[in-house]
Amino acid sequence: MSQLSNVLVAELDPISSVSEAYRSLRTAVRYKKVVPAGQGMVLMVASPKPQEGKTTTLANLAITYAQEGKSVVVLDCNLRQPALHEMFGAKNTKGLVHFLNKGLTAQEIITPTGIIGLDLITSGGQPMNPSELLGSAKMDALMNLLKQRYEVILIDSPSTLDYTDACLLSEYSDGVMLVAKNGKTKREWAKQARTQLEQSGARMLGIVFNQ
């Protein structure tokens, strides 16, 4: 493992006001009562367009859950523009694609992050058929396996308005939060993304207004 990205403030500077904001987000999710107490929870973090802070929000939220003593895995389902491996300083040579398409086991694609309680499944690359892989029976099987092992599963998805993948992934999720970036995300983008996700059956938890 190489050095963690400096955007992971929840780990690198846990007493900062930014880290406290991520803990407040964790608390807000708890009050939503996404799943019954004691049951594993699958959260997806989405955004209307790329570069709106979705992956950074997901990674720091995951760290706060691990700091709380939860068993956590972050799953990079953004097979279009994967980035979680870079944030956690991990290699992307074995990951989700290798489970879905290449015959590796779930155990073989799980990577420790170096943060206690927090594991990572990288994308494993950028396949030619991401939507088909994410909607496959093998993906469903993987999610069932992860729910048996972890208390919190966080899914990073591609941008909602550019690809259908986020709507597919919402089917595996107990709740979805949408990240919008101040000065970048247009109001109509956020409304359209929310509508698309809700039409796919997603339970929307709310919008994280970033920066």
Side-chain angles (χ1 to χ4, degrees), residues 1-5 7-8 10-12 35 38-46 54-159 163-176:
M1 299 289 293
S2 55
Q3 189 174 9
L4 295 174
S5 168
V7 301
L8 298 182
E11 173 67 12
L12 300 176
V35 296
Q39 183 175 319
M41 176 175 62
V42 183
L43 295 177
M44 187 178 85
V45 181
K54 162 181 59 65
T55 303
T56 300
T57 299
L58 177 144
N60 280 284
L61 180 60
I63 291 169
T64 68
Y65 276 115
Q67 290 171 340
E68 194 180 37
K70 304 286 189 187
S71 56
V72 186
V73 64
V74 288
L75 181 57
D76 197 343
C77 293
N78 187 351
L79 304 184
R80 314 285 182 161
Q81 296 176 306
L84 274 172
H85 63 285
E86 295 176 352
M87 289 196 172
F88 288 99
K91 295 180 180 179
N92 196 21
T93 52
K94 290 192 300 184
L96 180 59
V97 171
H98 296 85
F99 176 88
L100 298 176
N101 208 26
K102 311 232 180 243
L104 292 191
T105 66
Q107 187 57 45
E108 288 176 303
I109 63 170
I110 294 172
T111 301
T113 63
I115 298 170
I116 295 173
L118 178 57
D119 288 339
L120 164 69
I121 297 178
T122 70
S123 71
Q126 296 170 269
M128 298 293 292
N129 57 338
S131 295
E132 289 75 14
L133 291 177
L134 294 173
S136 68
K138 288 207 73 174
M139 183 66 188
D140 190 56
L142 177 62
M143 294 307 300
N144 287 329
L145 285 171
L146 295 178
K147 284 189 283 188
Q148 293 172 26
R149 176 168 178 169
Y150 295 95
E151 296 171 276
V152 180
I153 302 164
L154 285 160
I155 296 176
D156 193 15
S157 67
S159 51
Y163 307 104
T164 62
D165 303 10
C167 291
L168 286 170
L169 291 165
S170 70
E171 296 179 10
Y172 305 114
S173 307
D174 298 306
V176 178

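Within 6.0 Å of CG in Leu145 there are more than 12 heavy atoms belonging to other residues, nucleotides or ligands. Atom NZ of Lys102 has 12 or fewer heavy atoms from other residues, nucleotides or ligands within 6.0 Å.
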- Message: Test side chain to side chain contact (heavy atoms under 4.5 Å, CB included) on Thr111 and Phe88; report intermediate values, then the result.
- Response: CA-CA 10 Å; Thr111 301; Phe88 288 99; over 6 Å; no
- Could you walk me through whether Ser5 and Glu11 pass the side chain to side chain contact (heavy atoms under 4.5 Å, CB included) check? CA-CA 10 Å; Ser5 168; Glu11 173 67 12; over 6 Å; no
- Decide side chain to side chain contact (heavy atoms under 4.5 Å, CB included) for Leu96 and Leu142; before the verdict, give the C-alpha distance in whole Å, the side-chain angles of both, and the deciding distance to 0.1 Å. CA-CA 9 Å; Leu96 180 59; Leu142 177 62; 3.4 Å; yes
- Item | Worked verdict on Ile115 versus Val72 for side chain to side chain contact (heavy atoms under 4.5 Å, CB included) | CA-CA 10 Å; Ile115 298 170; Val72 186; over 6 Å; no
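Judged by distance alone, the side chain of Ser157 and the main-chain N or O of Val45 form a donor-acceptor pair under 3.5 Å. Proximity of a side-chain donor or acceptor of Gln126 to a complementary backbone N or O of Arg80 within less than 3.5 Å is detected. The closest donor-acceptor contact from the side chain of Thr122 to the backbone of Lys94 lies under 3.5 Å. Looking only at distances, no side-chain donor or acceptor of Lys138 sits under 3.5 Å from a matching main-chain atom of Leu133. In this structure, Ser173 contributes its side chain and Val42 its backbone to no donor-acceptor pair below 3.5 Å. Using a distance-only test at 3.5 Å, with no hydrogens or angles considered, a donor-acceptor pair links the side chain of Thr105 to the main chain of Glu108. One N or O on the side chain of His98 and one on the backbone of Thr93 form a donor-acceptor pair closer than 3.5 Å. Looking only at distances, no side-chain donor or acceptor of Asp76 sits under 3.5 Å from a matching main-chain atom of Pro82.
Residues Ser136 and Tyr172 approach most closely at O-OH, 3.7 Å, considering heavy atoms. Counting all heavy atoms, side chain and backbone alike, His85 lies closest to Lys91 at CB-O, 4.3 Å. Across Ser131 and Asp165, no two heavy atoms sit closer than the pair OG-OD1, 2.7 Å.
Inter-residue side-chain proximity for Asn60 and Leu8 is flagged as met; some heavy-atom pair is nearer than 4.5 Å. Using a 4.5 Å heavy-atom threshold, the side chains of Pro127 and Asn101 count as separate. Put simply, the side chain of Leu75 reaches to within 4.5 Å of the side chain of Met143, judged on heavy atoms.
Atoms NZ and CE, on Lys54 and Met44 in that order, are 9.5 Å from each other to the nearest 0.5 Å. Here the SG atom belonging to Cys77 is positioned 6.5 Å from the CG atom belonging to Leu79, to the nearest 0.5 angstrom. Taken to the nearest 0.5 Å, the CG atom of Leu169 stands 5.5 Å off from the CE atom of Met139. Thr55 contributes atom OG1, which lies 6.0 Å from atom CG of Asn78 (distance to the nearest 0.5 angstrom). With rounding to the nearest 0.5 angstrom, the CG atom of Asp119 is 3.5 Å from the OH atom of Tyr150. To the nearest 0.5 Å, atoms CG (Leu120) and CD1 (Ile109) are separated by 10.0 Å.
Side-chain contact annotation: Ser123 with Asn92, donor-acceptor N/O pair under 3.5 Å present.
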